Amino acid sequence: MLTDSSVAQAETAEMSVNEKKAAADAPTAKSIEAGGTTITVGAPLAETLKKAKGARFEYNADFGVDVVVGNVMIRIPDEDITKEGQDFVNAIPSDIDPDIAFKVSFIKPSAKIKDFEKI
């Protein structure tokens, strides 16, 4: 015979199993290891780049500024670049430059990694 107490315990146990399954099925943030750090979608961009080794900035007039860390490329949207950074980018004389002297300080502190591409 089931008592109210044993029914409640069974429901609690079942909820725990279902909650665990839901947690296991939940999508995890996209991330990758590069440059001695973990690059994760949604993480602060500037802080991640400060930890990364060998970050190299590129410019393409069609796509804007990208940063390459190891074999990973992260696009930096214009809205994530400070006024000083925009002035720097606007002064680039060529349409394509594979190695610009862009600084992490040109990235707004509020900027997050939106996506990355393995290259």
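Every value quoted in this text rests on a predicted model; they were computed, and no experiment measured them.
Put simply, NZ on Lys112 and OG1 on Thr40 are 12.0 Å apart, with the number rounded to the nearest 0.5 Å.
By the 4.5 Å side-chain criterion applied to Ile, Leu, Val, Met, Phe, Trp and Tyr, Phe106 is assigned to a cluster that also includes Ile32, Ile39, Val41, Leu45, Leu49, Phe57, Tyr59, Val65, Val67, Val69, Val72, Ile74, Ile76, Ile81, Phe88, Val89, Ile92, Ile100, Phe102, Val104, Ile107, Ile113, Phe116.
Considering all non-hydrogen atoms of both residues, Ala34 and Asn71 come closest at CB-OD1, 4.5 Å. Across Ser94 and Ile96, no two heavy atoms sit closer than the pair OG-O, 3.1 Å.
Checked against salt bridge (Lys or Arg N to Asp or Glu O under 4.0 Å), Asp97 has no partners two or more places apart in sequence or in another chain. In this view, Glu47 and Lys50 satisfy the side chain to side chain donor-acceptor pair (under 3.5 Å) rule, not counting sequence neighbours. Residues passing the side chain to side chain donor-acceptor pair (under 3.5 Å) test with Lys30 are Asp115, sequence neighbours excluded.
At most 12 heavy atoms of other shown residues, nucleotides or ligands fall within 6.0 angstrom of atom CG in Asp95. Within 6.0 Å of atom CD in Gln86, more than 12 heavy atoms from other residues, nucleotides or ligands are found, so the atom counts as buried in its surroundings. The environment of NZ in Lys114 is crowded: more than 12 heavy-atom neighbours from other residues, nucleotides or ligands sit within 6.0 Å.
Judged as a salt bridge (Lys or Arg N to Asp or Glu O under 4.0 Å), the pairs with a partner in residues 53-72 (not counting sequence neighbours) are, in order, Arg56-Glu58, Asp66-Arg75. The salt bridge (Lys or Arg N to Asp or Glu O under 4.0 Å) contacts involving residues 31-42 comprise nothing, where partners must be two or more places apart or lie in separate chains.
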